[in-house]
Structures are given as C-alpha cells and as structure tokens.
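Structure first, then comments.
What's counted below: heavy atoms across the whole structure, side chains too, no hydrogens, waters or symmetry copies. Numbers restart at 1 for each chain; the letters A, B, ... are given by sequence-line order, proteins then strands.
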Amino acid sequence: MNPFEESVRAAHSGGISLVAWIVIVLSIVCIALILIIITRDPKKVSEPSGKWLLLIVFFIMSPAAFLLNFSVAIEDSKTVDFCNSCHVMHGYVNDLKNPDSEHLASAHYQSRWIANDQCFTCHSDYGLFGNMKAKMTGIRHVWAYYTGYETPIKLYTTYNNKICLRCHAPTLAFQEEDTHIEYADDIMSSKTSCIGLDCHVRPHPVEAWKEQ
Amino acid sequence: MNNPSWTRKLVLIAGICNIIALLTILLSIFRFTPLTLIISVSVGGALIGLSVLLYIVVVVTDLKERGVL
C-alpha cells in the first residue's frame, strides 16, 4: 500500500471511535456491576438497591451497549477492509488497488469515482431496504464462507443495472450516449447488462477468487 | 423479603448470559471480523434478550410475593 493510501486509510479508520469507546465503558461497567452484585455480595440480590442496579444493567445499560455496538458494526461492515477480511475477497480487493488493472471496479476505486465503501456501494440496492438486503446477503456470505461454497464464486442473480444508474443516469455523458438512448428500457430493467458484450469491461478479474 | 432460591438462580443465569453477551460485543470491537460481528449481533443480542426476560420473571415473581400483582 502506498503512503498516500495509507494516510487516507488511517484518516478514515481513526482507531476506535467515540461510540465504540462508550460501548466498551458501558460493557465493562455492566460486567463489573453484575459480578459485584451476584458473586461478591449475593445478599445484594435480595436488597432493593441490588435489584434496582440489576434492573438498570439488564434493561438499560446492556441493551444500550448492544444497540450502540450494532450501529457502529453496521457502519464499519461497509468498508473495503471488512470485505477483504474474508480470504476469498483478496483477489478482488488486490485488483481494486492494482494500478495496472483495467477492470471497471478498479477504475472506480482508484479514481475515487466512489469515495468510500466501494464494495458495499456497488453491491447493495438503493435505499434502506437495499442496505438491509445487502446485510442479509452478507450474513449468507459469512455462513457460506465457514460452511463451504461453490467456486467460481458468482452473484446470486443478474447484476442490477439500477445500482450503476443511480450515479450514472443523471450525468450528461450517460444521457447523451446513443447506445444508452437506444437501449434505455433494457438497461433500466437490467434486461441488458451494462457489463460485457460491446459495452463496458468486466468489473473484476474472472479468476480473482483463486487468489486467496 | 425472602426470594425463592429459584429466582436467585434465575438472576444468576441472567447475569451470566448478560456477561457473555457483553464479552461478545467487546470481542467484536477489538477484533472486528465478519464472524465476530455476527456472533455479537446474533448470540449477543439473543443472550441480552434472554437476560431481560429472565429478570422480568424475577421481578414479576417478586411483585406477586409482595401482593402488588
């Protein structure tokens, strides 16, 4: 990784976020309170003060720690580094960062046409439900990663052109292209893929999955 | 007020569940991988939910003993 990329990465990661620190403190306080009340002083369980403390821990502090961690985790799981934490993705991410690559995803990544979270941006449908669907698919991927999956890996369904169109459709360069005008309906319904044929180059190397 | 021994056991189980859940959350913060994320969200969430339910049982039993419910 070059020093510029490293600096950008460091600026984005920034270590543990403030919310994550809050979760850490909340969790440690909860664990300490539970241990003190239940193990060190069992009589406290029967006392009103102990009951109230446990009530606060079980009903407020622990759920708060869980929900805060959930929101942080959902946000952090969009990063390219997170995707790259599965070995099968190494080939794809290496190609993203390869300056000699001519693949579509690499061009988007290296030119920063997509500023951040490039994998997630191109592999999640539009809107809230698109995000949720992407997360559910992610869980399916993790399950497949640990239980076994077929190679070569491929998309579950045809790639949805609307993901490309949400950025490209409003641009003049896209709208003025004769082919886009001619095949507008097919492009918008994903009947004709943006990739392949005589249109755009492949997003990733065909055998990227082999590089683990 | 005398707590039945089984309610104390429930509190103990709820406490253990809660501690395990919080440990999964801490694990996912310090070692953020797809597996730890899913464990913290699924197992952690389920255990926190279970500890809440168990403590509700304890509270309801306590209130019934006191004649509030």
Side-chain angles (χ1 to χ4, degrees), chain A residues 13 16-17 19-24 26-39 42-48 50-52 54-55 57-70 72-74 76-77 79 81-86 89 135 138-139 141-143 145-146, chain B:
Chain A
S13 63
I16 297 174
S17 67
V19 182
W21 275 115
I22 293 171
V23 174
I24 292 168
L26 264 178
S27 301
I28 291 171
V29 170
C30 286
I31 292 170
L33 282 173
I34 293 168
L35 287 175
I36 289 168
I37 295 168
I38 292 178
T39 61
K43 283 181 187 173
K44 271 216 162 201
V45 176
S46 307
E47 292 172 3
K51 285 178 181 173
W52 277 107
L54 284 178
L55 193 81
V57 168
F58 289 146
F59 284 72
I60 299 171
M61 292 170 72
S62 292
F66 174 77
L67 291 174
L68 286 173
N69 181 58
F70 186 78
V72 172
I74 289 297
D76 287 352
S77 65
T79 63
D81 284 345
F82 181 79
C83 301
N84 200 26
S85 57
C86 285
M89 287 294 119
K135 297 296 171 197
I139 291 171
H141 288 166
V142 175
W143 179 258
Y145 184 71
Y146 288 103
Chain B
M1 191 209 78
N2 287 324
N3 271 355
S5 62
W6 65 271
T7 57
R8 285 194 186 181
K9 279 181 186 166
L10 280 188
V11 173
L12 184 66
I13 295 168
I16 292 168
C17 287
N18 212 285
I19 288 172
I20 295 170
L22 293 167
L23 288 176
T24 64
I25 288 170
L26 288 175
L27 177 69
S28 79
I29 290 175
F30 290 113
R31 192 172 162 75
F32 189 61
T33 67
L35 188 63
T36 57
L37 165 68
I38 287 182
I39 288 173
S40 75
V41 170
S42 58
V43 178
L47 287 175
I48 283 178
L50 180 65
S51 65
V52 167
L53 282 177
L54 290 175
Y55 204 67
I56 286 174
V57 173
V58 172
V59 170
V60 169
T61 308
D62 192 18
L63 291 175
K64 276 185 177 173
E65 268 187 14
R66 290 162 181 256
V68 178
L69 288 178

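- Atom CD1 of residue B/Ile19 and atom CG of residue A/Leu35 lie 4.0 Å apart, to the nearest 0.5 angstrom.
- For the set A/Ala20, A/Ala73, A/Cys83, A/Cys30, the entry with the most heavy-atom pairs within less than 4.5 Å of chain B is A/Ala73.
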Would you give me the side-chain donor-acceptor pairs under 3.5 Å for residues 46-58 of chain B, sequence neighbours excluded?
residue : atom : partner : partner atom : Å
B/Ser51 : OG   : B/Asn18 : ND2          : 2.9
B/Ser51 : OG   : B/Leu47 : O            : 3.4
B/Ser51 : OG   : B/Ile48 : O            : 2.8
B/Tyr55 : OH   : A/Lys51 : O            : 2.8

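- For the pair B/Leu22 and A/Phe66, the minimum side-chain heavy-atom distance is 4.5 Å or more.
- Looking at A/Leu55, both its backbone and its side chain come within 4.5 Å of chain B, counting heavy atoms on both sides.
- With a threshold of 4.5 angstrom between heavy atoms, A/Cys86 approaches chain B through side-chain atoms but not through N, CA, C or O.
- Heavy atoms of B/Ala14 lying under 4.5 Å from chain A belong to its backbone as well as its side chain.
- Per-residue heavy-atom pair counts under 4.5 Å with chain B were compared for A/Ile139, A/Ile28, A/Ile74, A/Leu54, and the maximum is reached by A/Leu54.
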- [ ] Given side chain to side chain contact (heavy atoms under 4.5 Å, CB included), test B/Leu26 with A/Val23 step by step and report yes or no.
- [x] CA-CA 8 Å; B/Leu26 288 175; A/Val23 174; 5.6 Å; no

TODO: Could you please spell out the steps behind the side chain to side chain contact (heavy atoms under 4.5 Å, CB included) verdict for A/Trp143 and B/Ile38?
DONE: CA-CA 10 Å; A/Trp143 179 258; B/Ile38 287 182; over 6 Å; no

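- In this structure, A/Asn69 CG and B/Ile25 CD1 are separated by 5.5 Å, a value rounded to the nearest 0.5 Å.
- Partners of B/Phe32 by ring-ring contact (aromatic ring centres under 6.0 Å, His included), not counting sequence neighbours, listed by chain and number: A/Phe82.
- Nearest heavy-atom pair across B/Pro34 and A/Val142 is CB-CG2, 3.4 Å.
- Summarising the geometry of A/Ile38 relative to B/Val11, their closest heavy-atom pair is CD1-O, 3.5 Å, with the distance given to 0.1 Å.
- Between B/Ser40 atom OG and A/Phe70 atom CZ the span is 9.0 Å, to the nearest 0.5 Å.
- For the atom pair CD1 (A/Ile37) and CG (B/Leu12), the distance works out to 12.5 Å, reported to the nearest 0.5 Å.
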